[in-house]
Amino acid sequence: MKIDLTETTSSKINKALVEGRRAVGTPAIGMVLTLVIVTDEENAYDALKAANEASREHPSRTLVVVKRVSRSPRDRAKARLDAEVRVGTDAGTGETVILRLYGEVIDHAQSVVLPLLLPDAPVVVWWAVNAPLDPAKDPLGALAQRRVTDAYAAEQPVRELSARAETYTPGDTDLSWTRITPWRSMLAAALDQAPCTVGSAEVEGEEFNPSCELLAMWLADRLKVPVTRKVSGGPGLTAVRMESSIGSIVLDRPDGSLATLCMPHQPDRAVALKRRDTAELLAEELRRLDPDDIYAAALKYGVDRLGEGKDSAPTAGDPAAAGSAAAKPAGKKAPARKAAAK
């Protein structure tokens, strides 16, 4: 069931939600959280589709905030709110409200969203595109226990990671980190099977893919060894190589679907390592609402401290350059980088 509301208010939207639930015969729905999606009109459909699929595992009230850009100064000065309320089969397993903001109300989106939050339920904000530099200080982000961004959607993904590190607040996370969960699990399991000492590692993946940098920083932070970054043709992450006291440990995935794990003194094994869609990534993030300390440690390790990587290194005049230099241990020269991206 869909209910269209033009030039409306939050109270009218709440009333429409109640009427919609009664009309479909479900006056009480067990929803576990409120998911706020901040996006533009171009990406709203894909973001809402992913949220609806994730709602099968996490029934929620989904609020889609679409900030519409007005062309004329007169339109920009006029505040207006349009809404589309969806309940029943049109809203997955929860409720959906699409909010289209015009004019001055764009700068006060939190005032529209706040009355629509489920009482006594956690709030998660997901910026599908155009995430703020400091999600925790954003008016919408301040309402949430969990703030989800996606560096892959940024124009300069690797620089985006540096900005995320500088403004990190417990509760922040990024879908670029979620994408490497299967890789981290497989690599940790491989080292558990063959206890050894790792001396160095190399992460190979396509350019401009922040997941590659995050995986490299995670390895460097956890293993305390030099990790280099190598660019490949993709898709996504293609290989991780670790040089250990027992030989080379290699996890290779050339086609984005099936990987091969090669370990010394053991037969090669095929491993399912499929690239996951946004709905699966979002569902994983909604399973936990506590701070991700491992992500924080990997992010704060610093992209500039990786082995070789070209696009990740701060350029002259970049504010990140000063912070990067300060983060380097005294008396040690940072290795040159050769590939900066995802």
Side-chain angles (χ1 to χ4, degrees), residues 1-5 8 10-39 43-66 81-100 109-110 112-129 131 135 140-150 171-175 177-179 181-182 276-292:
M1 180 180 180
K2 297 181 181 180
I3 303 172
D4 290 323
L5 302 171
T8 188
S10 297
S11 61
K12 292 179 181 179
I13 295 172
N14 266 321
K15 183 179 179 180
L17 283 168
V18 174
E19 292 175 351
R21 287 200 300 267
R22 288 175 178 169
V24 298
T26 53
I29 299 178
M31 290 171 287
V32 299
L33 57 86
T34 302
L35 174 62
V36 181
I37 304 173
V38 186
T39 184
N43 295 280
Y45 174 81
D46 291 334
L48 184 54
K49 181 181 177 182
N52 284 342
E53 293 179 11
S55 72
R56 298 172 185 172
E57 183 177 340
H58 309 278
S60 59
R61 173 175 290 180
T62 302
L63 307 177
V64 184
V65 179
V66 181
L81 170 64
D82 293 344
E84 180 182 328
V85 177
R86 300 180 183 181
V87 293
T89 56
D90 292 317
T93 59
E95 300 171 338
T96 298
V97 181
I98 302 175
L99 304 165
R100 290 185 170 87
Q110 73 280 7
V112 177
V113 169
L114 186 59
L116 301 176
L117 301 179
L118 288 171
D120 302 322
V123 178
V124 178
V125 177
W126 169 35
W127 288 270
V129 292
L140 284 174
L143 301 175
Q145 287 77 39
R146 192 79 161 158
R147 296 164 294 275
V148 184
T149 56
D150 190 356
D172 292 353
T173 190
D174 196 280
L175 293 185
W177 171 256
T178 319
R179 291 184 180 96
T181 299
R276 299 180 294 167
D277 58 24
T278 305
E280 293 179 89
L281 302 175
L282 186 60
E284 178 183 326
E285 283 302 333
L286 296 180
R287 288 182 200 128
R288 61 175 302 168
L289 298 175
D290 58 316
D292 191 340

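Heavy-atom basis, side chains included; hydrogens, waters and symmetry copies ignored.
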Quiz item: Taking the side chain from Gln145 and the backbone from Leu289, do they hold a donor-acceptor pair closer than 3.5 Å?
Solution: no
Practice problem: Could you grab the distance from atom CD of Gln110 to atom CG of Leu143, nearest 0.5 Å is fine? | Solution: 7.0 Å
Quiz item: How far apart are the C-alpha atoms of Arg100 and Leu81, what are their side-chain angles, what is the distance that settles it, and do they pass the side-chain contact (heavy atoms from CB on, under 4.5 Å) test?
Solution: CA-CA 6 Å; Arg100 290 185 170 87; Leu81 170 64; over 6 Å; no
Exercise. Kindly indicate whether the side chain of Val66, heavy atoms from C-beta on, has any atom under 4.5 Å from the side chain of Leu99.
Key: no
Quiz item: What distance do Leu63 atom CG and Glu95 atom CD have between them, rounded to the nearest 0.5 Å?
Solution: 9.5 Å
Quiz prompt | Heavy-atom side-chain contact between Thr278 and Trp126 under 4.5 Å | solution = yes
Self-check item: Side-chain heavy atoms of Val38 within contact of Val125, under 4.5 Å
Solution: yes
Quiz item: So which of Leu282, Val148, Val36, Ile37 actually passes side chain to side chain contact (heavy atoms under 4.5 Å, CB included) with Val124?
Solution: Val148
Practice problem: Return the minimal non-hydrogen interatomic distance between Thr178 and Leu281, and the atom names on each side. | Solution: CG2-O, 3.6 Å
Self-check item: Ala283 backbone acceptor or donor facing His58 side chain under 3.5 Å
Solution: yes
Quiz item: Would you say the side chain of Val65 lies within less than 4.5 Å of the side chain of Thr39, judging by non-hydrogen atoms?
Solution: no
Practice problem: Give a yes or no answer on whether the side chain of Arg276 reaches the backbone of Ala279 with a donor-acceptor pair at less than 3.5 Å. | Solution: no
Quiz item: Arg61 side chain to Leu116 main-chain N or O, any donor-acceptor pair under 3.5 Å?
Solution: yes
Quiz item: Is the backbone N or O of Glu285 less than 3.5 Å from a side-chain atom of Arg288, with the two atoms forming a donor-acceptor pair by type?
Solution: no
Practice problem: Please confirm whether the backbone N or O of Leu118 pairs with a side-chain atom of Thr34, one donor and one acceptor, at under 3.5 Å? | Solution: yes
Self-check item: Working for side-chain contact (heavy atoms from CB on, under 4.5 Å), residues Glu280 and Glu53
Solution: CA-CA 8 Å; Glu280 293 179 89; Glu53 293 179 11; over 6 Å; no
Exercise. Before giving the answer on side-chain contact (heavy atoms from CB on, under 4.5 Å), spell out for Ile3 and Ile13 the whole-Å C-alpha distance, their side-chain angles and the decisive distance to 0.1 Å.
Key: CA-CA 9 Å; Ile3 303 172; Ile13 295 172; over 6 Å; no
Quiz item: Any donor and acceptor pair, going by atom type alone, linking the side chain of Thr8 with main-chain N or O of Leu5 inside 3.5 Å?
Solution: no
Practice problem: Return yes if some donor-acceptor pair links the side-chain N/O of Thr96 with the main-chain N/O of Thr62 below 3.5 Å, else return no. | Solution: no
Quiz item: For the residue pair Asp4 and Glu84, what are the closest heavy atoms and their distance?
Solution: OD1-CG, 3.4 Å
Quiz prompt | Arg179/Asp150 salt bridge by N-O under 4.0 Å criterion | solution = yes
Self-check item: Sidechain-backbone polar pair: Asn14 side chain, Pro115 backbone, donor-acceptor under 3.5 Å
Solution: yes
Self-check item: Note, Asp172 side chain near Asp174 side chain (heavy atom, < 4.5 Å)
Solution: no
Quiz item: Within a strict 4.5 Å, meaning less than it, do heavy atoms of the Arg86 and Met1 side chains meet?
Solution: no
Quiz item: Between Leu33 and Leu286, does a side-chain contact (heavy atoms from CB on, under 4.5 Å) hold up when you go through it step by step?
Solution: CA-CA 9 Å; Leu33 57 86; Leu286 296 180; 4.3 Å; yes
